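Take a look at the structure below.
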Amino acid sequence: LQLVESGGGLVQPGGSLRLSCAASGLTLDYYAIGWFRQAPGKERERVSCISSSGGSINYADSVKGRFTISRDNAKNTVYLQMNSLKLEDTAVYYCAARGFQCYSGGYIASVADFGSWGQGTQVTVSS
């Protein structure tokens, strides 16, 4: 399974971007997809996750109400719509896959629980 992110760029505070995570090699039907981000000098952090069916979604508190994750299994693609962007959203954004669910052992799956990763796409929020 190979994942490729796209859609990053430079945007002003308050602006919007839509990131895409396109898969090849295998169908995404059996994979939960997570979005993560890593700012310079900081650890990679979870942003959002959507289960293989789309029936289970979670968001980090820092993006709730501003970001929306969705998936189109027919296109083998997962999206992250980012609205009301803030300076602190600046980071490299990665998508990653794990089997079926966004939970591991009863907890929200973390970085270590995801196996396949994309190369990342840069999002810069700046005035």
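None of the values given here were measured: they were computed from a predicted structure.
For Gln119, the CD atom sits in a packed shell: over 12 heavy atoms of surrounding residues, nucleotides or ligands are nearer than 6.0 Å.
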Trp35 and Cys49: CA distance, side-chain angles, deciding distance, side-chain contact (heavy atoms from CB on, under 4.5 Å) verdict: CA-CA 6 Å; Trp35 281 100; Cys49 182; over 6 Å; no
Working for side-chain contact (heavy atoms from CB on, under 4.5 Å), residues Ser104 and Arg98: CA-CA 10 Å; Ser104 177; Arg98 70 185 308 274; 3.5 Å; yes
Working for side-chain contact (heavy atoms from CB on, under 4.5 Å), residues Asn58 and Tyr103: CA-CA 10 Å; Asn58 63 61; Tyr103 291 84; 4.1 Å; yes
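To the nearest 0.5 Å, the span separating OG on Ser126 from CG on Leu10 amounts to 6.0 Å. Atoms CZ and OG, from Arg66 and Ser84 in turn, are 7.0 Å apart once rounded to the nearest 0.5 Å. How far OG of Ser48 is from CZ of Phe67: 9.5 Å, rounded to the nearest 0.5 Å. For the atom pair CZ of Arg71 and CG of Asn76, the computed distance is 8.5 Å after rounding to the nearest 0.5 Å. A distance of 14.5 Å separates OG1 in Thr68 from OH in Tyr79, rounded to the nearest 0.5 Å. The distance from the SG atom of Cys95 to the CD atom of Glu5 is 4.0 Å, given to the nearest 0.5 Å.
Judged by the 6.0 Å distance and 45° axis criteria, Arg44 is positioned over the aromatic ring of Tyr94. At least one cation-pi condition fails for Arg46 and Phe36: the charged atom is not both under 6.0 angstrom from the six-membered ring centre and inside a 45 degree cone around its axis.
A single hydrophobic cluster is seen to contain both Val47 and Val11, as judged by linkage of ILVMFWY side chains at heavy-atom distances under 4.5 Å, directly or through other members. A single hydrophobic cluster is seen to contain both Leu26 and Ile33, as judged by linkage of ILVMFWY side chains at heavy-atom distances under 4.5 Å, directly or through other members. By the criterion of side-chain heavy atoms lying less than 4.5 angstrom apart, applied directly or through intervening Ile, Leu, Val, Met, Phe, Trp or Tyr residues, Phe114 is not grouped with Leu80; the two fall into different hydrophobic clusters. Transitive grouping of hydrophobic side chains (ILVMFWY, heavy atoms separated by less than 4.5 Å) keeps Leu17 and Val4 in distinct clusters.
Side chain of Thr90 to main chain of Thr124: no donor-acceptor pair is present (N/O by atom type, distance under 3.5 Å, no hydrogens or angles). Formation of a donor-acceptor pair under 3.5 Å by the Ser20 side chain with backbone atoms of Ala22 is not found in this model. No donor-acceptor pair closer than 3.5 Å links the side chain of Ser52 to the backbone N or O of Tyr30.
Across all their heavy atoms, Gly55 and Ser51 have their closest contact at N-OG, 3.3 Å.
Side-chain contact annotation: Ser16 with Asn83, donor-acceptor N/O pair under 3.5 Å present.
With Leu19 as the partner, the side-chain contact (heavy atoms from CB on, under 4.5 Å) test is satisfied by one option alone out of Val123, Ile69, Val78: Val123. With Arg37 as the fixed residue, the salt bridge (charged side-chain N to carboxylate O under 4.0 Å, His left out) test singles out one of Glu43, Glu45, Glu88: Glu45.
Classification of Asp89 and Lys86 as a salt-bridged pair fails, no side-chain N sitting under 4.0 Å from a carboxylate O.
In this structure, Tyr31 and Leu3 have side chains that are not in contact, with every pair of non-hydrogen atoms separated by 4.5 Å or more.
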